[in-house]
Amino acid sequence: GGGALWSGEGECGTVFNYTLINTAMNWTSAQAYCRQHYHDLATIENSAENQAVTDFLPATTSFVWIGLYRTPWRWSDGSPSTYSNWSPGEPNNYEKVENCAQQNANNSWNDFPCYYKGHFICYKGNQSKCTDVLLVFAEGP
């Protein structure tokens with residue numbers, strides 16, 4: 001007897017988990033907090049993630065720290081910055097002290113001195129979300 005194997009691929013996607021921390025900290029303290037309690041400061045790799053972070057900003061918050069810093073620009077987890085959404089004229093390293101990045105309520109980024117205290121977004125890590133994968137083996141004659 002022959003057999004036929006059929007498999008149906010499930011639909012998979014990634015769920016990005018961010019959380020807003022409403023305690024004002026400088027960038028370094030925010031990074032340490034996120035690493036201790038979550039995964040790291042927010043990494044933003046595309047426009048959908050950028051919007052997801054913006055959606056966390058309450059109306060009263062003008063900016064939040066994200067996990068981007070200058071040496072050259074890379075993410076807190078060490079990955080290079082391939083996506084960016086800088087405000088016009090940014091990053092400008094005003095007075096040569098703006099080495100960390102914040103996301104503004106208008107969805108764009110600004111370089112800013114790391115010692116300023118602000119609210120921040122922690123990244124909880126990716127979770128893969130998949131539908132069931134169907135695997136059927138049919139016995140033939």
Side-chain angles (χ1 to χ4, degrees), residues 1-140:
L5 183 65
W6 179 85
S7 73
E9 293 286 326
E11 289 294 317
C12 293
T14 302
V15 179
F16 298 98
N17 290 296
Y18 298 105
T19 189
L20 172 69
I21 307 300
N22 276 312
T23 303
M25 295 184 189
N26 65 35
W27 190 93
T28 306
S29 296
Q31 180 192 49
Y33 181 93
C34 288
R35 287 179 171 178
Q36 180 181 352
H37 298 282
Y38 297 96
H39 183 72
D40 212 329
L41 274 169
T43 297
I44 301 170
E45 297 177 318
N46 55 52
S47 58
E49 292 177 20
N50 197 64
Q51 185 59 52
V53 168
T54 300
D55 290 345
F56 273 100
L57 271 68
T60 55
T61 302
S62 58
F63 81 90
V64 289
W65 288 124
I66 57 175
L68 194 62
Y69 68 98
R70 180 197 308 271
T71 57
W73 288 109
R74 63 176 45 252
W75 294 104
S76 178
D77 66 5
S79 61
S81 173
T82 54
Y83 169 83
S84 64
N85 192 34
W86 296 105
S87 295
E90 303 294 344
N92 63 1
N93 200 16
Y94 183 69
E95 294 186 349
K96 307 290 184 233
V97 295
E98 297 189 328
N99 294 317
C100 295
Q102 58 180 217
Q103 181 155 328
N104 301 314
N106 67 0
N107 208 22
S108 62
W109 305 351
N110 177 39
D111 57 340
F112 210 64
C114 305
Y115 54 79
Y116 273 83
K117 290 186 176 181
H119 298 164
F120 53 99
I121 300 284
C122 290
Y123 171 60
K124 296 195 250 183
N126 289 352
Q127 291 183 350
S128 181
K129 187 167 188 164
C130 297
T131 58
D132 293 334
V133 176
L134 183 62
L135 198 59
V136 177
F137 183 78
E139 278 285 335

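The structure presented is a predicted model; accordingly, all values stated were derived computationally and were not measured.
Distance check: Tyr69 OH to Asn99 CG gives 11.0 Å after rounding to the nearest 0.5 Å. Atom CG of Asp111 is separated from atom CH2 of Trp73 by 5.0 Å, given to the nearest 0.5 angstrom. For the atom pair OG of Ser47 and OH of Tyr83, the computed distance is 5.0 Å after rounding to the nearest 0.5 Å. Taking CG of Asn110 as the reference point, atom CH2 of Trp86 lies at 7.5 Å (rounded to 0.5 Å). Interatomic distance, Ser62 OG to Asn106 CG, rounded to the nearest 0.5 Å: 10.5 Å. Considering CD of Glu45 and OG1 of Thr82, their distance stands at 6.0 Å, rounded to 0.5 Å.
Ring orientation note: the planes of Tyr116 and Phe112 are tilted relative to one another, at an angle of 30° to 60°.
Counting heavy atoms from C-beta on, the side chains of Arg35 and Ser76 come closer than 4.5 Å. Inter-residue side-chain proximity for Thr43 and Leu41 is flagged as unmet; no heavy-atom pair is nearer than 4.5 Å. Inter-residue side-chain proximity for Val64 and Leu57 is flagged as met; some heavy-atom pair is nearer than 4.5 Å.
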Check the pair Thr19 / Asn17 against side chain to side chain contact (heavy atoms under 4.5 Å, CB included), numbers first and verdict last. CA-CA 7 Å; Thr19 189; Asn17 290 296; over 6 Å; no

Evaluate the criterion side chain to side chain donor-acceptor pair (under 3.5 Å) for residue pair Asn85 and Ser108; output intermediate values, then yes/no. CA-CA 5 Å; Asn85 192 34; Ser108 62; 5.6 Å; no

Could you go through the side chain to side chain donor-acceptor pair (under 3.5 Å) check for Gln31 and Asp40 one step at a time? CA-CA 6 Å; Gln31 180 192 49; Asp40 212 329; 4.6 Å; no

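Closest non-hydrogen pair, Trp75 versus Ser81, comes out as NE1-CA, 3.6 Å. Minimum heavy-atom separation, Val97 to Asn93: N-OD1, 3.3 Å. Smallest separation of non-hydrogen atoms from His119 and Ala24: CD2-N, 3.7 Å.
Every residue two or more places apart in sequence or in another chain that forms a side-chain contact (heavy atoms from CB on, under 4.5 Å) with Tyr33 is listed here: Ile21, Met25, His37, Tyr38, Phe120, Cys122. Taking Thr28 as the reference, Asn26 meet the side-chain contact (heavy atoms from CB on, under 4.5 Å) condition, with sequence neighbours excluded. With sequence neighbours left out, the side-chain contact (heavy atoms from CB on, under 4.5 Å) criterion links His39 to Tyr123. Here Arg74 pairs with nothing under the salt bridge (Lys or Arg N to Asp or Glu O under 4.0 Å) rule; sequence neighbours left out. Scored by the side-chain hydrogen bond (donor to acceptor under 3.5 Å, both in side chains) test, Trp109 finds Asn50, Gln103 as partners (sequence neighbours excluded). Contacts of Tyr94 classified as side-chain contact (heavy atoms from CB on, under 4.5 Å), with partners at least two apart in sequence or in another chain: Asn92, Glu98.
Of the possible donor and acceptor atoms, one in the side chain of Trp27 sits under 3.5 Å from a partner among the backbone N and O of Ile66.
Between the side chains of Thr54 and Asn107, at least one donor N or O lies within less than 3.5 Å of an accepting N or O.
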